[in-house]
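Read through the structure below, which is laid out as structure tokens, and then see the notes.
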Amino acid sequence: MRLSRYFLPILRETPKEAEIVSHRLMLRAGTIRQEAAGIYAWLPLGLRVLNKINAIIREEQNRAGAVEILMPTIQSADLWRESGRYEAYGKEMLRIKDRHEREMLFGPTNEEMVTAIVRAHVKSYKDLPLNLYHIQWKFRDEVRPRFGVMRSREFLMKDAYSFDIDAEGARHAYNKMFTAYLRTFARMGLKAIPMRADTGPIGGNLSHEFIILASTGESEVFCHRDFLEQPTPAADIAFDDRATMQGVFDHWTSKYAATSEMHDAAAFDALPEADRVSARGIEVGHIFYFGTKYSEPMGATVNGPDGKETALQMGSYGIGPSRLVAALIEANHDDKGVIWPTSVAPFQVGLANLKVGDAATDAACLDLYARLEKAGVDVLYDDRDDRPGAKFATLDLIGLPHQVIVGPKGLADGLVEIKNRRTGERETLTPDAAINKLTAQA
RNA sequence: CGGGGUAUAGCUCAGCCUGGUAGAGCGGUAGUUUUGGGUACUACAGGUCGUAGGUUCGAAUCCUGCUACCCCGACCA
């Protein structure tokens, strides 16, 4: 992409409303724009990151056997009356009426709807297990939205819902999602630690939050140091093998990890001092097993092998992609700007032409640009007639993993410079060598 | 939902106390300058001062209502 033809509204100064670093950097780097309290428009750069995150989530959900659907944002109140949550949900639910005065709502979650879908079409245990997920916008009318997309009213959520004939099957479904989540966050370069959680309004008796450690995190968390080094399950792990999945779960829950609500100070203090990690955390995923909480009142049943009608065993599994964008920045930035992990970076390479209009420099840049793109590397080419300093500052701010700097001085010797945004490491080399190096890394 | 605050140019803010018809820096445009970490200079453009009403000869400024947004707390993916 040529920057001159792109839409990247960089802010040099920080808008006053932004309190935390991810919110500040997202506004400055032209990724989002606030439209109302807790409601944001996604600009091109931010959307690219969001889509990268979604792609990783999809791959891992599919790998774990979940099937993608897409449910609407608007739901009917009657559906929620079936579970009793229409009354129970309170003012966080955005309630609206259509032109016929029918009561509708902007969905804060989809347990009722997905249960209705499965109830209508699944009649036999032979159709199970089933796990349906979608990635869709949700709305929760928070009293006080804040921290940008970290705590917004409208937010994107991947929510999966598992359906099984019995508790053992549901447990396996839970463990599969548990494993998929470990992989998902690891692929984004995040160390997410599963912590036992309160089930809250979703209900149920088994629940884990996936928390990433970041100094600006909203909640206090405590865990064993081993979590920081623990390797995540491989891509080819046997998702269909119950013992294997239970093994992953057991391994990842055998050591101490808890949020402040579930914290057991005595158990934590029993750990050797050197193993205790007490930090701030950001919740990026939350999984629940809640049995028949929705299937029973909503009459979602199937015939079992014994011919008896049985209420479905359910679980739900959420990840917040829009929040993850902010969480990733909280975990990956410096005083100059964002530092995107390669797997979610909006572009892999930023190409800076230091003297637009200079024939040799323009030609060298165009050549690099074309050859990198041809090699499948996403390049943002800064071809604007701007000062070198401004270009460096912009590239550092938007945080692309690699920078290629091309100017007349270097070109006189047939050389360009590449810089690693994360390490700051620079290297002067020929354009050919730069291309080799970048295609190998990206 | 309690408490506090803010609203003036695209962004960050000054002006308000003490009423006289709007400013700076950054950004934008045009030029000069030249160019390797947000260069310097010149000129230009850009605001019914959130909104509705009131007081006054006169309101960004004083008063009242409303709205929006922000912060602290309670609450939450």
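Please read all numbers here as calculations on a predicted model, not as lab measurements. Reminder, nothing fancy here: chain letters follow the sequence lines and each chain counts from 1.
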query = Starting at CZ of A/R33 and ending at C1' of B/rG10, how long is that distance when rounded to a whole Å?
reply = 10 Å
key: Residue whose closest nucleotide on RNA chain B lies nearer the 5' end, A/M150 versus A/K355   = A/K355
inquiry  = Under 3.5 Å for both donor-acceptor distances, Watson-Crick or wobble: does B/rC11 have a partner, and if so which one?
reply    = B/rG25
message = Measuring only between side-chain heavy atoms, which start at C-beta, is A/T394 closer than 4.5 Å to A/R384?
response = yes
remark   = In whole angstroms, the gap separating P of B/rC11 from CG of A/L25 amounts to 19 Å
task = State, with a plain yes or no, whether a side-chain heavy atom of A/H402 is found less than 4.5 Å away from one of A/K419.
result = no
Sugar-phosphate, base or nothing in reach of A/T14, heavy atoms under 4.0 Å = sugar-phosphate
message = Considering every strand and a 4.0 Å limit on heavy-atom distances, what is the contact class for A/I405: base, sugar-phosphate, or nothing?
response = base
inquiry  = Measuring only the C1' atom in each nucleotide, how far is B/rU42 from B/rG5? A whole number of Å is fine.
reply    = 41 Å
message = Quick check: A/W252 with A/F178 (ring centres under 6.0 Å apart)?
response = no
key: Whole-Å gap separating C1' (B/rG28) and CG (A/D386)   = 12 Å
message = Suppose you measure atom P in B/rG23 against the same atom in B/rC70; what distance do you get, rounded to whole Å?
response = 31 Å
query = Within the modelled atom types, does a donor on one side and an acceptor on the other bring the side chain of A/R12 and the base of B/rC26 under 3.5 Å apart?
reply = no
query = Which base sits across from B/rC69 as a Watson-Crick or G-U pair, both distances under 3.5 Å?
reply = B/rG5
query = Is the ring of A/F155 stacked on the base of B/rA77, with centres less than 5.5 Å apart and planes under 30° off?
reply = yes
task = State, yes or no, whether a side-chain contact exists between A/Q313 and A/S295 at a heavy-atom distance under 4.5 Å.
result = no
request  = Rounded to whole angstrom, note down the C1' distance from B/rG46 over to B/rA30.
outcome  = 15 Å
task = Quick one: look up who B/rA74 pairs with, Watson-Crick or G-U, both distances under 3.5 Å, and put none if it's unpaired.
result = none
query = NA contact type, A/G410, heavy-atom cut-off 4.0 Å: base, sugar-phosphate, or nothing?
reply = base
query = Contact class for A/L354 (heavy atom, under 4.0 Å): base, sugar-phosphate, or nothing?
reply = base
note = Note: for A/I10 and A/E92 on RNA chain B, the residue whose nearest nucleotide lies more 5' is A/I10
request  = Between B/rA68 and B/rU8, how far apart are the C1' atoms? Round to whole Å, please.
outcome  = 16 Å
key: Atom pair distance, as rounded to whole Å: CZ in A/F392 and C1' in B/rU35   = 10 Å
message = Measure CZ/A/R28 against C1'/B/rG38 and give the value in whole Å, please.
response = 10 Å
inquiry  = Taking atom types as they are modelled, would you say the side chain of A/R146 forms a donor-acceptor pair with the base of B/rC72 within the 3.5 Å cutoff?
reply    = no
task = May I ask you to say what A/G320 touches in the nucleic acid, namely base, sugar-phosphate or nothing, with a heavy-atom cut-off under 4.0 Å?
result = nothing
inquiry  = Taking pairing as Watson-Crick or G-U wobble with both contacts under 3.5 Å, can you name the mate of B/rA40, or confirm there isn't one?
reply    = B/rU32
message = Determine whether a donor-acceptor pair (one donor, one acceptor, N or O, separation below 3.5 Å) exists between the side chain of A/E417 and the base of B/rG36.
response = yes
query = After noting the C-alpha distance and the side-chain angles of A/E19 and A/R146, does the key distance pass the salt bridge (charged side-chain N to carboxylate O under 4.0 Å, His left out) rule?
reply = CA-CA 8 Å; A/E19 192 69 2; A/R146 59 183 132 173; over 6 Å; no
ask   = In terms of side-chain heavy atoms of A/A37, which of B/rC76, B/rG36, B/rC70 is nearest?
value = B/rC70
inquiry  = Pair A/Y289, A/H208 - check ring-ring contact (aromatic ring centres under 6.0 Å, His included), show working.
reply    = CA-CA 9 Å; A/Y289 163 61; A/H208 286 84; over 10 Å; no
key: C1' atoms of B/rG27 and B/rC13, separation to the nearest Å   = 14 Å
task = Go through the N and O atoms of the side chain of A/R426 and the base of B/rG37, and report whether any donor-acceptor pair is under 3.5 Å.
result = yes
key: Euclidean distance, atom CE of residue A/M93 to atom P of B/rA77 [Å, nearest integer]   = 14 Å
task = State whether A/Q403 places a side-chain N or O below 4.0 Å from either non-bridging phosphate oxygen (OP1 or OP2) of B/rG37.
result = no
query = Across the strands shown, which category fits A/P15 at heavy-atom distances under 4.0 angstrom: base, sugar-phosphate, nothing?
reply = sugar-phosphate
request  = Rounded to whole angstrom, note down the P distance from B/rA9 over to B/rG54.
outcome  = 25 Å
key: C1' spacing across the pair B/rC26 / B/rG20, given as an integer number of angstrom   = 31 Å
task = Taking the six-membered ring for Trp and the full ring for Phe, Tyr or His, determine whether the centres of A/Y6 and A/F347 are under 6.0 Å apart.
result = yes
request  = Using a 4.0 Å heavy-atom cut-off across all strands, classify A/K419 as base, sugar-phosphate, or nothing.
outcome  = base
request  = Return the value, rounded to whole Å, for the distance between atom CZ of A/R387 and atom C1' of B/rA40.
outcome  = 9 Å
query = Looking across every strand, which nucleic acid part, if any, lies under 4.0 Å from A/G318 by heavy atom: base, sugar-phosphate, or nothing?
reply = nothing
query = What is the distance from CZ of A/R151 to C1' of B/rC72, rounded to the nearest Å?
reply = 13 Å
ask   = Should B/rU56 form a Watson-Crick or G-U wobble pair with both distances under 3.5 Å, which nucleotide is its partner?
value = none
inquiry  = Looking only at the side chain of A/A36 (C-beta and beyond, no hydrogens), which of the listed nucleotides B/rG38, B/rC69, B/rC11 gets closest?
reply    = B/rC69
task = Using a cut-off of strictly less than 4.0 Å, decide whether A/K391 has a side-chain nitrogen or oxygen near OP1 or OP2 of B/rG37.
result = no
task = Using the P atom on both, measure B/rU6 against B/rA14 and round to a whole Å.
result = 10 Å
inquiry  = I'd like to check A/T109 versus A/R85 (side-chain heavy atoms, cut-off strictly below 4.5 Å). Are they in contact?
reply    = yes
